[in-house]
Amino acid sequence: MQIKRYPDQSIETLPAAMPALLRQIIARRGVTSIDELQLTTQRLPRVDQLRGAHDAAQRLAQAIQEQQHICICGDFDADGATSTALMVSVLRACGAQHVSYIVPNRFADGYGLSPAVVSYAQQQGAELIVTVDSGISCHAGIAAAAACGIPVIVTDHHLPGPELPAAAIIVNPNHPDCSFPSKSIAGVGVAFYVLLALRQVLREQGLATPNLADWLDLVAVGTVADVVKLDGINRILVHQGLQRIRSGHCRPGIQALLTVAGREPAQLQAADLGFAIGPRINAAGRLDDMAVGIECLLADTQTDALLLAQQLDQYNRERRAIETEMREQAAEYVADYTASAIPSVVVLYQKGWHQGVIGIVAGRVKEQVHRPVIAFADAEDGLLKGSARSIAGIHMRDLLEAVHSHHPQLIERFGGHAMAAGLTLKKSNLERFQEALEKTAERWLDGADLAPVLWSDGELDESSLTQQFVQQLQALGPFGQGFPEPLFDGEFGIIQQRIVGSKHLKLVLATPAQVPIDAIAFNIDTTEWPDASVQRIHAAYRVQLNTFRGRTSVQLQLEHFVALR
């Protein structure tokens, strides 16, 4: 692991009243004016900039007026769950009397609007289908709906293939003819924009409409959980949702999920949405039925929400146990590699692996080997389902597209975006697919891409290790993909070190000026630490506030450290 420091950027356009270090931190993240830190809804792009949003809104308004049965087709991850809950809840609040939803079962139905899912919708009496966080690659399902006389509105954010599906209306910022300024908005963000357009249409008709800001908590959760780039638009959506959650104005389901996760809403950061709420919602779709997660988000009372949140928490515990076993098996693959022999893309498969957890395993192994990773599990009829996670420098969906274009017989179907993708192939094609994938990836990657790097904002002196400075840092957020949380590095002496919680290292460090500071490193190798012979370390760390027994203090969270001997 290398630790590199960001080069300094010009900060002349940023206000001189802001400390120079803070100006450098935001400049390194692409901020060039103070206006970009004003995360108000007034700075969101106009609805008419999202191609198809107005057409979709008019069709939804017609369905509401005619009391047609609207069926929402979601996806089995947190973005899909929040998108579904958002669409169902707001449509009902806008006067729709007949709104249902269907989420494909990961194991029985596969991804998106398939002909089987259309059949379910038809049985429910659907007269209009709206996809959320899916649909742009669902050609067969949309054709099946057309054959049944059911129009489909696609709302999605995934990259389209060479041909668009024959849907009645497509709303997708990545549509080739769409000029929406954010190509990184999550599925829940696209759904939110369609509903903003619906509100405009209903107001023009003289009808009362709800305040859509009340649903921004769902938008924030789905956006962070889907790990999309936190560009300016996504940062506004997440910030506004966080503000509502912190002030206690959020869905009972989100409050209940925070309760079971042991998180205090008033202290919530964007990362908590990804680490505390997202995995619990995802666990339902990974192990059972995402309807449990959606019903939690739709719950009207705290009592109902808490029961469902506890069920999701139990699913998450089961998911972690399955993941641990699968990661141990995956580690056997990795252990056989030397550093120079690790292929450009790591492909993992083990008989008996759980389809719902392979994505997490791929992500964990990717962090370990710093290579794109695809993990496969057995599916029906001799097929394998794969989940892929990538690194900076290689666009995973484009890589799969390149393999498919040169070897069209290998991949049955695929989809996704830069950092994550899914695919299906015949088990008999696994070895040939792996060979084709590695050859394609080798042409895209060089040694620099494969060297893991932690980017640091430099060294902090003692004057910055204060609660005030940490609060100033937090105010620059939300942080996440594409707008990383500040990381610092420096040398420290070790005053104390001990294991807590079986595998976490708790330390008291000494700054160069001999000021003691608490620190913690999670999930360390207990065969190496604690090590009483080590007196000094070089560490990359984040600064945070830690509250324990009513006392709040500054703590360093060590992301990487090495002994200095």
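Values below: all heavy atoms of this structure, side chains included; hydrogens, waters and symmetry mates excluded. Fair warning: this is a prediction, and the values are worked out from it, not measured in the lab.
Both tests do not hold together for Arg286 against Tyr315: distance to the six-membered ring centre under 6.0 Å, angle to the ring axis within 45°.
Residues His406 and Thr440 have side chains that never bring a donor and an acceptor to within less than 3.5 angstrom of each other. With 3.5 Å as the limit, one finds a donor-acceptor pair spanning the side chains of Arg246 and Gln243. Checking Gln49 against Tyr193 by side-chain atom types alone, no donor-acceptor pair falls below 3.5 Å. Using modelled atom types, one finds a donor on one side chain and an acceptor on the other under 3.5 Å when comparing Arg59 with Gln68. No side-chain donor from either of Arg199 and Thr209 sits under 3.5 Å from a side-chain acceptor of the other. Of the N and O atoms on the side chains of Glu401 and Ser405, not one donor lies less than 3.5 Å from an acceptor on the other residue.
The main-chain N or O of Leu86 is never found under 3.5 Å from a side-chain atom of Ser89 such that the two would form a donor-acceptor pair.
Atom CG of Asp48 has more than 12 neighbouring heavy atoms from other residues, nucleotides or ligands inside a 6.0 Å radius. When the shell of 6.0 Å around NZ of Lys229 is examined, it contains 12 or fewer heavy atoms from other residues, nucleotides or ligands.
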Test side-chain contact (heavy atoms from CB on, under 4.5 Å) on Ser83 and Asp75 and set out the steps.
CA-CA 9 Å; Ser83 301; Asp75 189 18; over 6 Å; no
Under the side-chain contact (heavy atoms from CB on, under 4.5 Å) rule, what do Gln58 and Ile169 come out as? Steps first, then yes or no, please.
CA-CA 11 Å; Gln58 288 185 313; Ile169 300 166; over 6 Å; no
Assess whether side-chain contact (heavy atoms from CB on, under 4.5 Å) is satisfied between His404 and Leu410, documenting all intermediate values.
CA-CA 7 Å; His404 182 62; Leu410 290 181; over 6 Å; no
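Here Glu36 does not pair with Arg43 in a salt bridge; the nearest charged N to carboxylate O distance is not below 4.0 Å.
Exactly one of Ile245, Leu297, Leu273 qualifies for a side chain to side chain contact (heavy atoms under 4.5 Å, CB included) with Asp217. That residue is Ile245.
Distance SG/Cys250 to CH2/Trp215: 14.0 Å, rounded to 0.5 Å. With values rounded to the nearest 0.5 angstrom, Asp231 atom CG is found 3.5 Å from Ser182 atom OG.
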